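One-based numbering along the sequence shown. Atom set for the values below is all heavy atoms of this structure, side chains included, hydrogens, waters and symmetry mates excluded. Remember, predicted model here, so these are calculated numbers, not experimental data.
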Amino acid sequence: MRILFVTPGLLSRFGGSAVSEASLASNLQSQCELFVMCRKGKVDEKFVKKFGLQTIRQYEPTDVLRAYFAPSHPLNSIIREMDLVHINGHWRWENYFFARLCQKFSVPYVLHPRGMLVMRHGRLWLKHVFSYLLGDWIVKNSARIIALSNFEVVSFRSHPIDENQIVVIPNGIDFPNFSNENHTLSTPGPYFLYLGRLEARKNLLFLLNAFSVFSKEGGKARLVFAGPIERGYDQEIWKRARELGIVESIQIHEAIYDNSKWVAMKKALAVIYPSVDEPFGRVPFEALASGGVTIVPDASGSAEYLGRFLPSLIYKENDASSLAQIMSSLASGKVPNLEEVRNWMACELSWQRVATQVLIMYREITTSDRYRRRQESEPQSFSRTSH
């Protein structure tokens with residue numbers, strides 16, 4: 001099969017979505033003929049090399065627009081020779097024209113929104129306009145839409161999506177192999193860790209509220225935030241910390257990656273991930289893979305997968321007392337057995353297994369009666385060869 005894998009960006013600062021897309025592409029390329037196409041200027045060669053990805057074709061968004069109106073544009077030749085196009089992300093206007101080109105050449109496409117169909121955050125008015133003009137057409141005409149969890153499927157209800165379009169496939173998780181355990185966080189004593197972007201959507205002010213309850217009930221630990229700061233959001237964190245009287249117990253650290261990240265997660269009392277509407281949440285799984293502990297809200301994709309193994313580490317969403325109680329339990333040394341969940345992750349969330357599920361989906365689409373009928377009815381000026 002010839003697959004065009006479209007991604008908005010392969011940069012480490014794009015966080016979990018870039019890691020997941022690069023990991024999936026890396027595992028797919030050994031099992032099918034994969035062509036990765038990325039927005040121009042959104043590719044970090046060092047990041048891409050780490051995943052063993054082959055040549056990345058870069059495009060300007062306007063290239064996709066021009067291709068739709070100009071039959072001689074090279075992008076037309078690329079797309080019409082594909083068996084399927086895999087579109088990652090959603091809020092990009094060029095995705096509409098990628099989808100239109102697919103329709104033009106009878107090439108099916110799948111949409112992998114990775115949580116981006118949620119309509120509760122950001123500039124909602126702009127999202128509604130985008131959905132009305134472009135987005136609804138993209139989702140309605142996709143051969144499949146990949147959800148990372150059944151929890152994410154709930155967010156699909158505000159879009160024109162048929163149940164038969166939906167397939168649930170989780171992200172994969174890599175288990176680290178590190179021997180150097182030098183501590184990168186200069187934090188005296190035990191600490192809880194938040195790892196990720198510092199922004200409003202991550203529900204960090206609620207985390208401060210819960211930590212305040214933990215501290216007032218006698219808890220002795222620090223709360224460390226580590227990650228890139230978005231739009232000066234660190235000032236909001238400090239402001240709330242001052243209001244709660246917990247400034248001395250708070251630390252904001254720059255983003256940490258690679259070996260340092262794994263060590264920081266392993267050494268923490270727990271990695272807390274308070275983000276709302278999270279369809280999967282890579283960080284909690286990485287915390288467990290590192291040998292550490294994680295705490296997640298019940299209304300999340302993480303809880304959907306981890307709840308049956310670690311019910312004592314799932315708190316009630318936006319209930320500060322519920323989260324504080326779990327923090328107190330862990331601080332006192334009451335850590336549940338994590339062996340079963342780690343064994344499950346090593347099997348069910350391996351990238352090889354995830355890539356196999358995606359390939360099965362590809363084959364179901366490209367061998368369907370609907371796809372064959374479209375092939376028979378299209379002009380025979382070119383041939384599409386399966387591999």
Under 3.5 Å, is there a donor on one side chain and an acceptor on the other for [X] and [Y]?
X	Y	answer
Y233	K202	no
N141	R100	no
S142	Q165	yes
R144	N164	no
Q251	Y191	no
N27	Q352	no

Approximate separation, where rounding is to 0.5 Å, of [X] [atom1] and [Y] [atom2]:
X	Y	atom1	atom2	result
S23	F51	OG	CZ	4.0 Å
I246	S249	CD1	OG	7.0 Å
L34	L24	CG	CG	8.0 Å
M116	N95	CE	CG	9.5 Å
L193	I295	CG	CD1	11.0 Å
S322	Y315	OG	OH	8.5 Å

Please tell me if the side chains of [X] and [Y] come closer than 4.5 Å, counting only heavy atoms from C-beta onward.
X	Y	answer
M345	Y305	no
I237	I252	yes
P8	K42	no

Which residues pass the ring pair (Phe, Tyr, Trp, His ring centres under 6.0 Å) test with F214, not counting sequence neighbours?
F192, F211
Y96: what forms a ring pair (Phe, Tyr, Trp, His ring centres under 6.0 Å) with it, not counting sequence neighbours?
W137
I'd like to know whether E243 forms a salt bridge (charged side-chain N to carboxylate O under 4.0 Å, His left out) with R240, so could you lay out the CA-CA distance, the side-chain angles of the two residues, the decisive distance to 0.1 Å, and finally the verdict.
CA-CA 5 Å; E243 292 170 352; R240 178 60 62 86; 3.3 Å; yes
Are [X] and [Y] joined in one hydrophobic group, where the rule is that I, L, V, M, F, W and Y side chains link up if heavy atoms are under 4.5 Å apart?
X	Y	answer
M37	F97	yes
F35	Y59	yes
W93	V64	yes

Can R2 and E81 be said to form a salt bridge (charged side-chain N to carboxylate O under 4.0 Å, His left out), step by step?
CA-CA 8 Å; R2 294 167 63 88; E81 291 298 334; 5.2 Å; no
With salt bridge (charged side-chain N to carboxylate O under 4.0 Å, His left out) as the test, would you mind laying out the steps for R201 and E230 before giving the verdict?
CA-CA 10 Å; R201 193 177 73 83; E230 301 288 338; over 6 Å; no
Are the aromatic rings of Y68 and H73 close, with centres under 6.0 Å apart?
no
Under the criterion salt bridge (charged side-chain N to carboxylate O under 4.0 Å, His left out), I'd like the reasoning laid out for K261 against E286: C-alpha separation, chi angles, the key distance, then a yes or no.
CA-CA 10 Å; K261 176 186 74 173; E286 288 185 335; 3.2 Å; yes
Residues passing the side-chain hydrogen bond (donor to acceptor under 3.5 Å, both in side chains) test with S300, sequence neighbours excluded, are none
